[in-house]
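Here the structure is laid out as structure tokens; the discussion comes afterwards.
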Amino acid sequence: MKENYFPQEIEKKWQKIWDENDAFNVPEDSDKPKYFALSMFPYPSGKLHMGHVRNYTITDVIARFKKAQGFNVLHPMGWDSFGLPAENAAMKHGANPETWTDENIAYMTKQLKMLGLSYDWKREVTTCKPDYYKWTQWLFLQLYKKGLAYKKEAAVNWCDECGTVLANEQVIDGKCWRCDSVVEKKYLSQWFFKITDYAEVLLEDLDKLPGWGDNVKTMQANWIGKSHGAIFRFKVKEIDGLEVPVYTTRPDTVHGITYLVVAPEYKDIDKLTTPENKAAVEEYRANARKMSEIERLSTERVKTGVPLGTHGINPFTGEEFPLWTADYALVEYGTGAVMAVPTHDTRDFDFAKKFNLPMKVVIQNPENPSDCKDEAYTEPGVLVNSGEFNGMKNEEAKKAITEKAVREGFGEFKTQYRLRDWLISRQRYWGAPIPVVYCEKCGIVPVPEDQLPVLLPKDVDFSVVGKSPITTSQTFAETTCPHCGGKARRETDTMDTFVCSSWYYLRYSDARNAEMPFARDKVNKWLPVDQYVGGIEHAILHLLYSRFFTKALRDLGLLDFDEPFKNLLTQGMVLKDGSKMSKSKGNTVDPDEIFENYGADTARLFILSDSPPARDFDWSDAGVEGCYKFLNRVWRLIASNADDISMDYKLEFPLAKANDDMVRNVHIAMKGITNDIANDFQFNTVISKYRELTNAIYEWRGAKKDLNAEDKAVLSFAILSLIKLMSPVAVHLTEEAWKELGGNGSVHDEPWCEWDENLAKASSITLVVQVNGKVKDKLEVDEALSQDELKASAMESPKVKELIEGKEIVKVIVVPKKLVNVVVK
RNA sequence: GCUCUAGUGGCGGAAUCGGUAGACGCGUUGGACUUAAAAUCCAAUCGGGAGCAAUCUCGGUGCCAGUUCAAGUCUGGCCUGGAGCACCA
């Protein structure tokens, strides 16, 4: 065995062998239980970044560990390859998005192989290839048939920079999630998926996911935004037969209504406007329409609005109140109209103050009554000025008042969600075409399944500005109706890339199927994903959409489970000097350089070493250096002892010879490392245990001059165990060492270490002796001692004797195998 | 504003159940080897105080209370950072 560690040489050699042998292909027919380990697949943007390296290393170690533990592990990789950057690159370089994407995929594939990742490349999926997007289109048609895909005219988020509409989930602080430019409102006819049909079950089923972090579940729950309240319908004084319904979560405050607000886009607003107010209302509405999301946000504190001139009637009091329009009422939420109670709602309070509208207190804290002159009182309290409900606690009044409305026919209980339907059309080229045609006679006609895929046209001019390049094709849009054969126009919008990524994990179960997206028995066999690993930035978008897809496909009878990802690990970001690595900050580290200078094993070891996976990871060059030194140290330990190591002692050791601290240390390491992986994948402590074991072997070896047969057995056992324990992380080094020491086959095919519980602990125990809760002495004692004996040995301690001299012993606490606490006065 | 999450040495972090706070590493300091350097190895490294010394002693896990024989860990209240949502009635 070579004296020195040459990672570049070793790594290249093994990567070639693994590649040639398809070493990590997963067999379909196996008696072993399945395990599906999955990383969120990347967008092929050009090169891997350290976030990818962290993500894929974590999943790879999990996959290898589970495989060694006896699972049949599915660990695939693919490409989320539709999307705007490819199209922008094409425009910029006059190239084709497909060429650009293919080149990136080729380069990144090379990098993934250089990282030593154990992927089953035979199952690779690439969302921009017709053999994949054919099935994306097919799934669209199934959703369409089921009424879950529909087209409607609506106010949508428009990004001018990207030249396309966006889903609500893709608007961050009123800006585009991709290019950060300000999002405008436009009225367009667009395709939606009816995710709102699943709002309740998407919320409820979060409880079925104990393997997900609370942060992600809370974010989804907030996004779905369920609330309980009531609908009340108000008659309009001036117009017979017209009612304005409102949704409120505070039915208890209904006696305090002093005005009512409808959104500028409210459907009946024209009818509700008197001729005298028409001009002002029209102007206000025109302004509201022009305003972008961000402008509406920036006017957060300053309320605006105009009166309509008409009045509503409160059925509880008979009181009349004016109707207004204001943009703080949102047309998409509830009924688009709000009953305003300025005394008990901060927004209504601000509005009423500004426009000098009346206020009426209806809830009070009996201990500390507020007149609500300076701010709204929104805490619990007791009803006042509320007729028959006076004196009732407001929580009870919510129910009682709504019940009265139900009884008298002007209201009902209502559960409301904030989740909106998912807008999936994009006015871009590089996406899966939406498979429908518009016929002059038949209207919207889905493309028949046997005509799929609807291929992207090639005769496209990518240099156009202000419209989708796909519309420049001479061959694409013009078509005939599949129904009547008449003249028809093809849909030129493509699907949001998040549609493609909402089902890719299912395709891995049957990636080469040309007849269906996946066979039902295969998808049911491999799914759900046992461990999903990826960034927190997908907490809402991708993870919510995927959950929706899984539930919808289950309802379509395509699969038999209702949650796609059993366990989710959201890894933290990779930072450098305390901030996120980014090109604009110039603090990126190129993985290629690390591979070249230190090798992939060092990169893998380091990216796992310093922080638990869920936390942010601060990159440090010194840390990389430290990991490289450690691998060198391990290599030297193996190489310098290679002649004394025998494969006969591979991973097990006769118990009769076990009364040796070195053997115990190995068992302790086996147990500790296995438990750390099982316990939320704490790889940072796993790695510290690699170091502890390495240090222990060095120390033990250094204390011996010549080794007898038994010593050699202990040494072999220790080193071979260390190699196996490190094999999921330092995949190349351990493979090479295993081979050099005479191991048969691959170290990665060896089963995981089995430890002996009796040996996985120190031979004696340290008894901590406290007096009044403070540590005063430590005693080495036999494990077998009884509680009384432990107590006796503690009392024997000279230090204890000294400290309790002349004092009264109140009590003595004995914790078996651990501690004795003498309490004195 | 609401929700989630975190706060431990110079730094990253460790500490199954409430039971030795600071594992492991980075950095720093000193030493060995070397003509020298790199590499490697050894030792020290939470803070204050006492001692030539081994050692002894006090304090210490964001802050304030509490529960307990015993609190980084549990309870209540606050402070600070990070993340998400945000005029959602």
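Throughout, protein chains are lettered first and strands after them, A, B, ... in sequence-line order, and every chain is numbered starting at 1. Being a predicted model, the structure only gives us computed values, none of them experimental.
- Atom P of nucleotide B/A70 and atom CD1 of A/Ile813 are separated by 9 Å, given to the nearest angstrom.
- Between A/Lys818 and the phosphate of B/G19, there is no side-chain N or O to OP1/OP2 separation shorter than 4.0 Å.
- In this structure, A/Lys791 atom NZ and B/G19 atom P are separated by 22 Å, rounded to whole Å.
- With a cut-off of 3.5 Å on both pairing distances, B/U67 has no Watson-Crick or G-U wobble partner at all.
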Across nucleotides 1-6 of chain B, 5' to 3', mark each nucleotide with B, S or - according to how protein heavy atoms within less than 4.0 Å reach it.
--SSS-

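- Taking atom CG of A/Leu543 as the reference point, atom C1' of B/G84 lies 14 Å away to the nearest angstrom.
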Expected string for nucleotides 20-34 of chain B under the B/S/- scheme (protein heavy atoms, under 4.0 Å, primed atoms plus P, OP1, OP2 as sugar-phosphate) is BS-BSSS--------

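- Among A/Phe6, A/Tyr5, A/Tyr628, the single residue meeting the ring pair (Phe, Tyr, Trp, His ring centres under 6.0 Å) criterion with A/Trp635 is A/Tyr5.
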In B/S/- notation (B base, S sugar-phosphate only, - none; protein heavy atoms under 4.0 Å), nucleotides 74-81 of chain B written 5' to 3' is --------

Provide a list of protein-nucleic acid N or O atom pairs under 3.5 angstrom, restricted to nucleotides 57-59 of chain B.
unit_1, atom_1, unit_2, atom_2, d
B/G59, OP2, A/Lys774, NZ, 3.1

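- Aromatic ring centres of A/Phe617 and A/Phe606: separated by under 6.0 Å.
- Taking atom P in both B/G59 and B/U8, one finds a spacing of 22 Å when rounded to whole Å.
- Checked against the 6.0 Å centroid threshold, A/Phe355 and A/Tyr259 do not count as a close aromatic pair.
- Remark: the separation of the C1' atoms in B/A86 and B/U3 is 11 Å, to the nearest Å.
- In this structure, the ring of A/Phe316 has its center less than 6.0 angstrom from the ring center of A/Phe232.
- With its glycosidic angle within 90° of 0, B/C17 adopts the syn conformation.
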Close N or O pairs between protein and nucleotides 45-47 of chain B (under 3.5 Å):
none

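- Across the protein-nucleic acid pair, A/Glu3 atom CD and B/U40 atom C1' stand 12 Å apart, rounded to whole Å.
- A donor-acceptor contact under 3.5 angstrom links the side chains of A/Tyr284 and A/Thr304, judged on distance only.
- Rounded to whole Å, the separation between the C1' atoms of B/G82 and B/G62 comes to 15 Å.
- Cation-pi geometry between A/Lys303 and A/Tyr328 is met: the NZ or CZ atom falls under 6.0 Å from the ring centre, inside 45° of the normal.
- Taking 90° from 0 as the syn/anti boundary, the base of B/G18 is oriented anti.
- In this structure, CZ of A/Phe681 is placed 20 Å from P of B/G13, rounded to the nearest angstrom.
- Taking atom NE2 on A/His542 and atom P on B/G84, their separation rounds to 18 Å, with Å as the unit.
- Applying the ring-ring contact (aromatic ring centres under 6.0 Å, His included) test to A/Trp223 and every residue at least two apart in sequence or in another chain returns nothing.
- Close to B/G13, at under 4.0 Å from its OP1 or OP2, lies a side-chain N or O of A/Ser611.
- Ion pairing between A/Arg250 and A/Asp345 fails under the 4.0 Å rule for side-chain N and carboxylate O.
- Comparing A/Ile540 and A/Ser609 along RNA chain B, the residue whose closest nucleotide (by nearest heavy atom) sits nearer the 5' end is A/Ser609.
- Between A/Arg636 and B/C41 there is a side-chain polar atom (N or O) within less than 4.0 angstrom of OP1 or OP2.
- Taking the six-membered ring where tryptophan is involved, the planes of A/Trp422 and A/Tyr545 are essentially parallel, since the angle between them stays under 30° and well short of 60°.
- A gap of 15 Å separates the P atoms of B/G60 and B/G48, to the nearest Å.
- For A/Gln682, whose side chain is taken as the heavy atoms from C-beta onward, the closest listed nucleotide among B/A15, B/U40, B/G13 is B/A15.
- Rounded to whole Å, the distance from CD1 on A/Ile607 to P on B/G12 is 17 Å.
- Salt bridge A/Lys353/A/Glu375: absent, no basic N to carboxylate O contact under 4.0 Å.
- For the pair A/Lys175 NZ and B/C85 P, the computed distance is 14 Å after rounding to whole Å.
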